[in-house]
Each structure stands twice: as structure tokens, then as C-alpha cells.
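Scroll down for the structure; my scribbles are underneath it.
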Amino acid sequence: MGENRNRPAASYETVIGLETHIALKTETKAFCSCAVTFGAEPNTHCCPVCLGMPGALPVLNEKAVEYAAKAGLLLHCRVSLVSHMDRKQYFYPDLPKGYQISQDDEPLCTDGWLEIPAAGGGKKRVRIERIHLEEDAGKLIHTAEGTLIDCNRCGVPLIEIVTKPDFRSAEEVVAYLQELREIIRFAGLSDCRMNEGSLRCDVNLSLRPRGSEELGERAELKNLNSFQFAAKAIAFEEERQAAVLASGGTLFPETRGFCEETGETYAMRRKESQDDYRFLPEPDLPPVVLTQDQIDRWRSELPEPPAERRARYESEYGLSHETAALLTVSRAAADRFEEAAARTPWARQLANLLAADPERLEAGIPVAAQSLAELAALLGEGSVGAAAARRILDEMWAHGGDPREIAARLGLLKLSDRASLLPFAEQAVAANGRAAADFRAGKTAALQALLGDVMRRSHGRADPAAARALLLELLGG
Ligand SMILES: [Zn+2]
């Protein structure tokens with residue numbers, strides 16, 4: 001952004017802090033046994049507890065605490081042995097309770113960090129101030145007739161991850177969100193689907209003259225739901241604030257929305273003072289108490305992070321960076337690949353085979369590790385070609401089965417034995433008299449035409465080396 005000296009933004013430094021909400025992938029909601037769903041019929045997964053009916057009592061979902069703590073551990077936070085749930089009071093139509101259960105001054109996780117690629121190479125560490133556990137609100141659906149409310153999302157467990165104001169550009173923000181999404185998804189804590197709202201972020205952005213240490217007045221850009229929109233909103237806001245400052249105007253703290261059509265941010269409300277949510281301790285829930293043993297066990301259950309796996313795949317199996325990245329798209333895919341790779345000397349061939357159809361890897365690989373290893377051996381030993389191996393994999397993916405049996409059934413095994421190849425070779429010599437004569441006259445290049453004919457007649461199954469040897473024998477060469 002700062003390259004063009006004609007733009008006002010060039011004389012200012014951008015300072016950004018992020019608040020990211022991530023919906024946890026628990027089976028049930030944070031305080032009741034309603035299922036966590038996406039896209040279900042509106043208001044079919046709610047009960048008196050998540051609707052906040054008088055007298056209903058919340059019970060904290062232990063899985064939600066575990067997932068939130070695991071997110072904290074992945075982000076190098078300190079996980080508190082004792083934390084508290086609080087009521088955050090505010091009115092909004094999608095919040096029938098009139099308050100949200102959240103954590104105020106004693107959050108579950110504090111003082112963490114996440115490293116992102118730095119602009120000039122190397123790494124930059126973004127400090128994480130806190131991660132707290134809270135519940136989601138419902139969803140408003142605006143129609144021509146009026147606004148409808150869907151409460152299925154009420155009470156879905158969320159974590160809010162709050163960073164220090166450590167970002168200086170949209171690129172850093174996007175890098176952080178990508179890194180965060182990958183780590184959380186890989187550990188199975190959330191789908192992190194921005195288009196479904198399971199990962200959303202608020203950007204707190206201010207400018208200050210370059211060289212200044214003081215923070216400027218900030219605008220909070222709410223609910224950005226794609227990386228691209230986050231980057232666009234930041235770029236627009238940098239220019240807007242710089243133009244105000246450059247013309248001698250004054251900025252004031254405010255909350256702004258982002259219009260996807262115009263790519264502009266717009267004023268929603270001015271913050272006259274700090275929002276007053278009148279937090280009070282949630283009277284219906286006891287403190288969240290953990291033991292160090294529990295935290296240690298959760299730490300031991302965390303998967304090796306995807307970036308480290310990629311590096312290991314590159315050195316251990318000789319994979320390209322791209323192939324390693326495709327295989328680590330999900331923990332399920334990576335785990336299955338590793339199980340299979342441990343059973344075959346042809347791990348690299350297997351990796352390339354799996355990476356040839358990357359779209360389907362995200363949901364995991366529904367083929368047994370042993371079958372994958374056997375398929376890799378068929379390919380590695382030359383019993384089948386690459387295209388045939390892909391067909392066998394597709395077949396196993398859809399219906400299971402034994403790779404050698406599938407190869408035989410679909411006629412995909414390469415023909416390398418004399419008895420199978422002889423008829424093709426004899427026919428080729430008989431049908432290409434001119435090429436055969438040329439070869440015998442010393443034009444060795446003529447063999448290529450004969451070999452091509454053998455391949456055609458065998459529908460590509462002839463093993464080229466074996467077919468070549470047989471042709472030479474027939475031609476007396
Ligand atoms: Zn419920």
C-alpha cells in the first residue's frame with residue numbers, strides 16, 4: 001500500500017488488531033443438548049435453554065471447553081485452571097435471551113502467539129491477547145415481507161480470538177487468517193468455513209503518522225466473511241482514514257460495515273463511550289475448573305501441525321512442496337497417507353497418485369491403508385501405468401476392493417510375459433511389412449512404428465521394454 005507517494009495513506013502507518021470468531025465443531029451446543037447443524041430447517045434445533053426461556057438451566061458442554069482449550073494450546077496460550085462464564089447484556093432480535101453467555105475478565109486462554117510469513121522473508125509473530133469461550137446468537141433472515149429469525153445457531157459454541165494490534169497490512173491479516181484456519185481445521189476443532197459463518201472476523205484499524213508510537217482513533221470493521229473482503233475493507237479504510245487526517249479532519253471511534261457490492265465501508269454507529277454490556281457473573285454456571293493433567297492430556301492429543309508435516313513429507317518421502325500441501329489439506333487425509341506410506345517403499349508414487357485428484361482429499365481417504373500400499377506397489381513395480389493406477393484408485397475410492405483384483409478385472413495389468421505379448425508382436429510385424437523390412441535393412445528407427453502398433457493392439461497394456469525385446473527377437477535384430 002505504501003508504495004505510491006501520491007496517496008495520503010503513504011504517510012501513515014496502518015495498525016490493525018483482529019477479533020476472530022470461530023464456531024466449534026462439537027456435536028451439541030454450548031449449554032444444551034441441541035445438535036449443532038448448518039443449513040437445517042429454521043428453528044428445528046432449539047430448546048428452552050438455548051432460547052433463554054425463564055427457568056431453563058444451562059449446563060456447560062465439556063467438549064466445548066476441551067476444544068477451546070485445545071485451540072489455546074495450538075496458539076501457544078496459557079490455559080487457565082479456573083475461568084468464569086459471564087453474562088454480556090445486550091438486546092438484539094437474534095438474541096432471545098437478552099444476554100450472551102461469554103467470558104469477561106477471566107477468559108480460558110491468555111498470552112499466546114501465531115507466526116505468519118513476514119513481508120521480507122522469515123517469520124513475524126502475532127501476539128494473541130486472549131481466547132474466550134462464548135455462545136453464538138441466532139440468524140436474522142431479511143425478506144420482502146419482513147425479517148425472520150432462525151434460532152438454530154443460538155447457543156452454538158464459539159471461541160473469540162483477540163490479537164494485539166500487531167498487523168501492519170492487509171497481507172499480514174490474510175496470512176494470519178489462513179494460518180489460523182489451517183491449524184484449527186487440521187485439529188478438527190472447527191470447519192472454519194467463512195462462507196457458512198463458522199469463521200468471521202472483526203478488524204480494528206487505525207492510522208498513525210509513520211514513526212509515531214501512539215495509536216490513532218480506530219474503526220471497527222464488523223463481520224468480514226472472506227479473506228478477499230477483509231483485504232478490500234482494509235484497503236478502503238486505510239484510504240478513507242488517511243484522507244480525513246490529511247485534510248485536517250478528526251477521526252472518532254466507530255463501528256463500520258462493509259458493502260460487498262461497492263467494496264466500501266460505511267458508518268454503522270459511533271462509539272460515544274466504551275460499549276457498556278454490564279457484564280455480570282453467570283449465576284447459573286459454576287466456574288470452569290481444569291486440572292493440569294487434563295490440559296497435558298489435551299496437549300498430547302493435538303496433531304502434529306500441518307506446516308511441520310509438510311516439511312517432513314518433503315524430506316522423508318521426497319515430495320514436492322505442492323504435493324505435500326495437497327496431502328495436508330485435512331488431518332484425515334494426511335493420517336491415512338502416512339499409514340499407507342509406512343507400508344510401502346513407493347510412498348512418493350502413492351503421494352503423487354493421491355494428489356492427482358486433490359478436491360476429494362479434504363474429507364479424508366476412504367481406502368484402507370493396506371490397499372493403498374498395494375496399489376502403490378503395482379504402480380512402483382511397473383505392473384500398471386499411471387493412468388491405470390488412477391482408475392484403480394477411483395474404483396477403490398467408490399466401491400473398495402483389492403487393487404490387484406480390480407486391475408485384473410478391468411484389464412489394466414501390464415502385459416510383460418512372452419505368451420501374452422507374442423500374438424501382438426507377430427501381428428504387428430505381419431501388418432507392417434515395410435517397417436519390418438526397413439529395420440532389417442539397418443534403419444533402427446523403424447522399430448518405433450512396430451512398437452507403436454503393439455501398444456495400439458494391446459490397448460496400451462503391453463510393457464514397452466518387454467515388447468521391444470520380443471520385436472527385436474522376431475526381427476532377428
Ligand atoms: Zn437447545
Side-chain angles (χ1 to χ4, degrees), residues 20-72 83-104 106-109 131-143 146-161 184-185 188-200 223 225 277-290 298:
T20 310
H21 287 93
I22 294 178
L24 299 176
K25 209 167 113 182
T26 51
E27 296 198 350
T28 55
K29 293 186 182 181
F31 307 109
C32 63
S33 56
C34 292
V36 170
T37 57
F38 178 82
E41 273 291 292
N43 301 308
T44 52
H45 295 279
C46 0
C47 73
V49 173
C50 50
L51 293 175
M53 298 292 182
L57 284 176
V59 177
L60 182 56
N61 180 347
E62 285 174 19
K63 267 285 178 229
V65 178
E66 177 187 327
Y67 282 17
K70 281 182 169 173
S83 61
H84 285 269
M85 305 307 295
D86 296 288
R87 285 189 181 183
K88 183 180 180 179
Q89 323 273 348
Y90 68 97
F91 172 76
Y92 204 68
D94 62 8
L95 188 72
K97 283 154 92 157
Y99 61 87
Q100 177 191 29
I101 302 180
S102 180
Q103 294 189 299
D104 181 25
E106 292 181 82
L108 186 64
C109 312
I131 303 176
H132 60 261
L133 180 61
E134 61 185 25
E135 60 177 330
D136 211 342
K139 215 188 301 187
L140 296 181
I141 302 160
H142 303 285
T143 72
T147 296
L148 305 169
I149 304 175
D150 175 9
C151 288
N152 282 349
R153 208 173 66 183
C154 288
V156 167
L158 296 179
I159 46 174
E160 179 174 336
I161 304 170
I184 298 290
R185 261 173 46 169
L189 305 178
S190 170
D191 291 332
C192 292
R193 296 208 173 106
M194 291 189 94
N195 58 343
E196 294 181 0
S198 60
L199 189 159
R200 349 191 252 273
N223 276 332
N225 63 3
Y277 292 114
R278 293 204 308 110
F279 276 101
L280 60 88
E282 167 59 52
D284 291 334
L285 288 168
V288 182
V289 179
L290 302 175
W298 289 341

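As the structure is a prediction and not an experimental result, all values here were calculated from the model. When a ligand or atom number is given, it counts from 1 through the structure's own listing order.
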Examine [X] and say whether one of its N/O/S atoms is closer to the Zn ion (ligand 1) than 2.8 Å.
| X | answer |
| --- | --- |
| Cys46 | no |
| Cys154 | no |
| His45 | no |

Would you say Pro93 and Thr147 make side-chain contact, with heavy atoms under 4.5 Å? no
Here the salt bridge (Lys or Arg N to Asp or Glu O under 4.0 Å) pairs for residues 22-37, sequence neighbours left out, are Lys25-Asp191
What are the two closest heavy atoms between Cys109 and Ala69, and how far apart are they? SG-CA, 4.3 Å
Which atom names give the shortest non-hydrogen contact between Asp284 and Pro58, and what distance separates them? CB-CD, 3.6 Å
